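Below is one structure; the comments refer to it alone.
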Amino acid sequence: MPRNLNAWIDIAIIHVAALLLVVVLFLYNWYIGAASLMVWCATLFFGYERCRYRSEEFAHYCHTVISNVNDASNYALDNLPQMIVITDKSGRLQWFNKELEKHIRVIPEYGMSINKGDGAFWPELDLNSIWGKNGETVFIHENVHYKVKYVPIATKDDSCGLMALYVIDDTPYQLLKRIHANSRSVLMYIQIDNYNDVLKGLNDAEKNSLIFEANKMIDEWTTHLEGYTRRISNDMYIAVIERRNLDMAIGEKFDILDKIHNLFNTTSKLPITLSMGISVADRQTYIELGQQAQAMLDLALSRGGDQAAIMMNGQTSFFGGKTKALEKQNRVKARVMASNIKALMQTADEIFIMGHHNEDFDALGAAMGVARMAKILEKPVHIILSDMNEGIDKIIDLLSSREEYAGLFISNDKVVNITAQNPVLFVVDTFIPHLTAAPEMLERIEQVVVIDHHRRSENCIKNTKIAYTETATSSTSELVTELLMYFGDELKISRIEAIALYCGILVDTKNFAVQVGVRTFEAAAYLRRWGADLVAVRQLFRTDFATEVAEAKAKATANMLPNGLIITKCPEAMPNIQVVAAQVADSMLRIEGVRVSIVVFQLTQNTVGVSARSAGDINVQLIMENFGGGGHQNVAGTQLKDGTVDDVYNQVLEYTNSFIEEFDGNESNTAEGR
């Protein structure tokens with residue numbers, strides 16, 4: 001092949017220069033000039049012939065190569081060890097190479113449907129989602145993983161008329177990836193929730209027997225999961241399993257939680273319950289893995305125990321939590337918390353308090369109790385109220401008219417720049433950031449204290465200075481009342497503050513009918529001694545005629561199901577609709593045979609609310625968490641954006657039905673095993 005395809009121009013330039021030299025030689029000697037001219041003519045002829053020969057050779061080369069390039073490229077495409085498919089938007093096969101025939105069971109033909117109809121050979125491939133885009137995807141057909149790189153092919157009018165699919169069998173890599181994922185380490189912290197309470201009243205032989213059975217059951221469960229278990233303290237275990245065995249435990253819905261209930265303390269009539277904190281190894285270190293497992297255990301305990309909390313792929317999942325949280329008989333934690341809160345308040349130069357958006361009596365009562373603590377220490381204090389608080393407007397008006405409470409309440413839109421050097425923020429009756437009266441305050445104040453009785457979820461206030469949560473407690477007002485008992489001998493509660501706290505307990509216990517323990521009545525008795533007047537309380541709970549009519553309509557249209565579920569809806573929005581829904585749910589729970597009552601209502605123009613109540617055996621918090629809400633085991637709710645009352649009603653009805661059926665099925669299985 002010639003190296004220079006256009007050499008005649010170079011030769012011509014050289015011969016022009018040589019001709020000038022020949023002319024110079026003629027000037028000096030005619031004979032030498034004539035000889036030089038003959039040589040020049042010979043070289044010119046030779047150069048011309050040589051260039052002509054090269055041109056002919058190049059023309060022959062181009063003709064030979066270019067005439068075969070189409071055949072060569074077609075041969076390469078047909079025999080490329082990768083499937084190439086060209087399809088139109090309807091999924092019809094427009095072109096393919098021979099490699100496709102090796103991977104499908106049918107003989108491919110032009111115009112054949114790729115993913116639609118009876119003759120489709122890749123029905124799992126979703127062309128609609130990738131049409132007109134560049135990228136990669138993986139689909140599975142007959143246990144074979146296919147990796148597809150898709151590229152649009154533009155037509156003359158610049159529209160995407162065809163798509164080129166480059167497909168390879170990716171099964172070996174995907175299997176290796178699955179094996180790697182399934183072999184990842186899973187760290188579990190397992191704790192007996194009520195260890196001391198269960199062993200109370202037993203002799204040494206009974207204690208050893210009960211703990212032996214618990215150890216045996218936990219060890220058998222982890223052995224079933226091919227894991228390793230080690231008891232690290234009286235009530236704490238650590239276990240390590242593989243990711244694939246965690247999937248087995250999830251599929252069995254952590255049946256160890258139900259089986260462990262069979263170990264029963266006949267003296268105190270208390271079942272043993274377990275809480276688990278589980279973390280799946282990904283890219284974190286073992287230190288981080290252990291910290292995550294401990295955090296998950298703390299989260300499970302803060303939700304009342306008897307459940308497993310799993311951190312996996314950056315998401316938290318919960319299993320169990322169906323047993324009612326047991327009330328602790330001693331107030332050691334309340335005394336310690338009161339001391340810690342007092343010490344923190346003493347270092348603050350201004351204190352802010354807020355509850356959840358659309359405050360109820362429990363949030364207000366708890367806020368009033370915390371404000372009393374701050375006033376005893378002579379600290380500036382403010383209670384931040386949301387823009388929706390119709391349910392407590394009577395007591396707010398009563399407090400605002402008193403001089404000693406002037407400036408105590410501020411609205412969330414009137415919170416000015418904080419000038420205090422060391423402010424402290426108290427959040428009561430909620431742990432969810434976006435549900436607080438003023439969420440922006442959580443970013444502006446570093447020192448945050450949470451006091452709540454609801455079961456925590458993954459979405460909670462982070463980095464709190466103090467978090468006092470007791471899920472077995474009836475209300476946040478009860479928790480704050482106990483803190484007041486231990487805050488100091490010099491503390492005195494005013495009559496209106498005692499009434500506010502008493503109302504909070506009364507509302508969340510449904511007139512001392514739900515989630516009530518010994519400590520609840522002791523807190524109520526303490527408030528009664530400080531002047532909580534039942535006549536004044538009844539005045540605060542009186543409703544107007546429109547509210548009574550709305551409640552009557554909702555109850556009249558309720559749907560009662562055989563499994564103990566009663567559900568109704570309030571499709572018309574009204575100023576105090578949230579209070580109406582709560583009262584309807586409470587009243588329907590008093591109907592014979594009702595286990596769960598639910599009210600779906602129009603909260604605002606684009607928000608639908610759900611209020612749920614339980615008679616005790618069904619955990620409505622788990623039901624509401626499925627819809628992004630939360631609450632307590634017996635009292636819960638949620639708010640859904642951009643939905644209609646009818647749609648939410650149907651969704652809640654369907655899910656609650658299935659939840660109750662599953663719960664009843666698990667209870668039957670547990671009973672058979674006893």
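Worth saying up front: this structure is predicted, and the values here are computed from it rather than measured.
Residues satisfying the salt bridge (charged side-chain N to carboxylate O under 4.0 Å, His left out) test with Asp255, not counting sequence neighbours, are Lys259. With sequence neighbours left out, the salt bridge (charged side-chain N to carboxylate O under 4.0 Å, His left out) criterion links Lys102 to Glu99. Judged as a side chain to side chain contact (heavy atoms under 4.5 Å, CB included), and not counting sequence neighbours, Asn208 has no contacts. In terms of the side chain to side chain donor-acceptor pair (under 3.5 Å) criterion, Glu101 has no residue partners (sequence neighbours excluded). Take Glu136 and apply the salt bridge (charged side-chain N to carboxylate O under 4.0 Å, His left out) test, not counting sequence neighbours, and it matches Lys147. Listed by chain and number, the residues in a side chain to side chain contact (heavy atoms under 4.5 Å, CB included) with His357 are Ser386, Asp387, Met388 (sequence neighbours excluded). By the ring-ring contact (aromatic ring centres under 6.0 Å, His included) test, Phe121 pairs with no residue at all, sequence neighbours left out. Partners of Glu226 according to the salt bridge (charged side-chain N to carboxylate O under 4.0 Å, His left out) rule, which considers only residues two or more places apart in sequence or in another chain, are Arg244. Qualifying side chain to side chain contact (heavy atoms under 4.5 Å, CB included) partners for Ile287, counting only residues two or more places apart in sequence or in other chains: Thr285, Gln291. Applying the side chain to side chain contact (heavy atoms under 4.5 Å, CB included) criterion to Asn143, with sequence neighbours excluded, gives no partner residue.
Side-chain atoms of Ser339 never come within 3.5 Å of backbone atoms of Arg335 as a donor-acceptor pair (strictly under, hydrogens ignored).
Annotation: Gln284, atom CD; neighbour count of heavy atoms from other residues, nucleotides and ligands within 6.0 Å is above 12.
From Asp258, atom CG reaches atom CG of Asp306 across 7.5 Å, with rounding to the nearest 0.5 Å. Atoms CG and CD, from Leu165 and Gln82 in turn, are 10.5 Å apart once rounded to the nearest 0.5 Å.
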Identify every side-chain donor-acceptor pair in residues 647-655 under 3.5 Å, counting partners at least two apart or on other chains, and give the distances.
unit_1, atom_1, unit_2, atom_2, d
Asp647, OD2, Thr644, OG1, 2.9
Asn650, ND2, Asp646, O, 3.2

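Residue Val596 forms a side chain to side chain contact (heavy atoms under 4.5 Å, CB included) with just one option from Asn563, Leu561, Ile618, Asn619, and that option is Ile618.
Under the side-chain hydrogen bond (donor to acceptor under 3.5 Å, both in side chains) criterion, the residue pairs touching residues 175-186 are His145-Arg178, with sequence neighbours excluded.
Using a 30° and 60° split on the angle between ring planes, Trp221 and Phe254 fall in the tilted class, from 30° to 60°.
Scanning all heavy atoms of the two residues, the minimum distance from Asn115 to Leu125 falls at ND2-O, 2.8 Å.
Side-chain atoms of Asp219 and Thr229 include no donor-acceptor pair closer than 3.5 Å. Side chains of Asp429 and Thr476: a donor-acceptor N/O pair is present below 3.5 angstrom, by distance only.
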